[in-house]
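Reading through the structure tokens given below for one structure.
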Amino acid sequence: MPKTPVIPEGTGKPLAPYLPGVLADGVVYVSGTLPFDKENNVVHVGDAAAQTKHVLETIKAVIEKAGGTMDDVVMNHIFVTDWANYAAVNEVYATYFPGDKPARYCIQCGLVKPDALVEIATVAVIK
């Protein structure tokens with residue numbers, strides 16, 4: 001099965017050997033996405049809601065580059081550094097998935113940069 005790299009315009013260089021997304025057989029796999037600017041600096045330090053919006057906008061750009069929309073998302077893997085931010089993350093998250101919700105899970109863990117409060121990885125099936 002062939003796979004196609006999915007790299008939206010303006011994407012910075014990743015911190016590690018990975019692509020922002022990969023399209024394979026109509027499925028878009030979006031790598032774990034952190035609230036980074038193009039230089040891999042954390043944006044909106046201390047603001048979980050703003051970081052979540054930034055992450056979801058980045059994910060949206062990957063999915064749209066692959067030819068899909070956020071309605072095509074079937075699974076999200078959410079990582080938060082503190083359960084105290086869970087409500088803020090969910091409030092923003094709900095605005096990106098107003099209709100039928102994708103499956104998901106959420107865990108608390110440490111992230112690659114201490115100022116990052118949320119990371120999301122996504123799977124979307126392009127219709």
Side-chain angles (χ1 to χ4, degrees):
M1 160 179 57
K3 60 183 181 179
T4 304
V6 181
I7 306 169
E9 298 296 320
T11 298
K13 183 180 178 187
L15 285 175
Y18 66 89
L19 292 166
V22 174
L23 176 63
D25 201 25
V27 179
V28 181
Y29 301 90
V30 182
S31 292
T33 304
L34 290 148
F36 288 169
D37 63 16
K38 292 178 188 174
E39 288 79 39
N40 293 317
N41 298 308
V42 175
V43 298
H44 311 295
V45 173
D47 187 339
Q51 286 190 8
T52 302
K53 181 175 180 175
H54 184 89
V55 166
L56 288 168
E57 284 296 320
T58 302
I59 289 169
K60 182 178 174 185
V62 173
I63 292 169
E64 288 178 350
K65 178 74 175 182
T69 71
M70 293 297 271
D71 287 338
D72 298 320
V73 173
V74 297
M75 180 69 178
N76 284 305
H77 313 271
I78 304 171
F79 308 90
V80 296
T81 58
D82 190 330
W83 288 122
N85 295 320
Y86 188 67
V89 169
N90 280 327
E91 186 175 333
V92 174
Y93 179 92
T95 66
Y96 283 82
F97 303 103
D100 291 334
K101 310 294 185 243
R104 73 176 225 183
Y105 66 80
C106 185
I107 63 169
Q108 180 181 335
C109 63
L111 297 176
V112 70
K113 288 200 177 181
D115 287 333
L117 304 174
V118 63
E119 178 175 354
I120 301 174
T122 298
V123 177
V125 177
I126 307 296
K127 300 171 187 168

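The analysis underlying the following values was restricted to heavy atoms, covering all of them including side chains, and did not include hydrogens, waters or symmetry mates.
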(message) Tell me every residue that passes side chain to side chain donor-acceptor pair (under 3.5 Å) with Glu64, counting only those two or more places apart in sequence or in another chain.
(response) none

(request) Using the test ring-ring contact (aromatic ring centres under 6.0 Å, His included), find all partners of Phe36 that sit at least two apart in sequence or belong to another chain. (result) none

(message) Holding to side chain to side chain donor-acceptor pair (under 3.5 Å), I want the full list of residues that pass it with Asn40, two or more places apart in sequence or in another chain.
(response) none

(request) Write out all pairs satisfying side-chain hydrogen bond (donor to acceptor under 3.5 Å, both in side chains) with one or both partners inside residues 114-123, taking only residues at least two apart or from two chains. (result) Asn76-Thr122

(request) Write out all pairs satisfying ring-ring contact (aromatic ring centres under 6.0 Å, His included) with one or both partners inside residues 59-83, taking only residues at least two apart or from two chains. (result) His77-Tyr105, Trp83-Tyr86

(request) Would you mind listing every salt bridge (Lys or Arg N to Asp or Glu O under 4.0 Å) that reaches into residues 32-48, with sequence neighbours excluded? (result) none

(message) Applying salt bridge (charged side-chain N to carboxylate O under 4.0 Å, His left out), can you list everything that pairs with Lys53, at least two apart in sequence or on another chain?
(response) none

(message) For a side-chain contact (heavy atoms from CB on, under 4.5 Å) check, start with the C-alpha distance between Leu34 and Val112, then their side-chain angles and the critical distance, and finish with the verdict.
(response) CA-CA 9 Å; Leu34 290 148; Val112 70; 3.4 Å; yes

(request) Check whether Leu56 and Val80 end up in the same hydrophobic cluster, where Ile, Leu, Val, Met, Phe, Trp and Tyr are linked by side-chain heavy atoms less than 4.5 Å apart. (result) yes

What pairs of donor and acceptor atoms, side-chain ones from residues 94-102 against any protein atom, are under 3.5 angstrom apart with sequence neighbours left out?
unit_1: Thr95; atom_1: OG1; unit_2: Val92; atom_2: O; d: 2.6
unit_1: Tyr96; atom_1: OH; unit_2: Glu57; atom_2: OE2; d: 2.6
unit_1: Lys101; atom_1: NZ; unit_2: Phe97; atom_2: O; d: 2.5
unit_1: Lys101; atom_1: NZ; unit_2: Pro98; atom_2: O; d: 3.2
unit_1: Lys101; atom_1: NZ; unit_2: Gly99; atom_2: O; d: 3.1

(request) Provide the closest heavy-atom pair for His44 versus His54 in the form atom of the first, atom of the second, distance. (result) CD2-CB, 4.2 Å

(request) Tell me whether Val74 is reachable from Ile126 by hopping between hydrophobic residues (I, L, V, M, F, W, Y) whose side-chain heavy atoms are closer than 4.5 Å. (result) no

(request) Hey, could you give me each pair passing ring-ring contact (aromatic ring centres under 6.0 Å, His included) that has a residue in residues 108-127? Not counting sequence neighbours. (result) none

(request) Just jot down the side chain to side chain donor-acceptor pair (under 3.5 Å) partners of Glu91, sequence neighbours excluded, or say none. (result) none

Show the atom names and distances, to 0.1 Å, of all donor-acceptor pairs under 3.5 Å that link a side chain in residues 7-33 to residues at least two apart or in another chain.
unit_1: Thr11; atom_1: OG1; unit_2: Pro8; atom_2: O; d: 2.6
unit_1: Ser31; atom_1: OG; unit_2: Leu19; atom_2: O; d: 2.5
unit_1: Thr33; atom_1: OG1; unit_2: Ser31; atom_2: O; d: 2.8

(request) Could you name each residue pair satisfying salt bridge (Lys or Arg N to Asp or Glu O under 4.0 Å) that touches residues 69-83, not counting sequence neighbours? (result) Asp72-Lys127

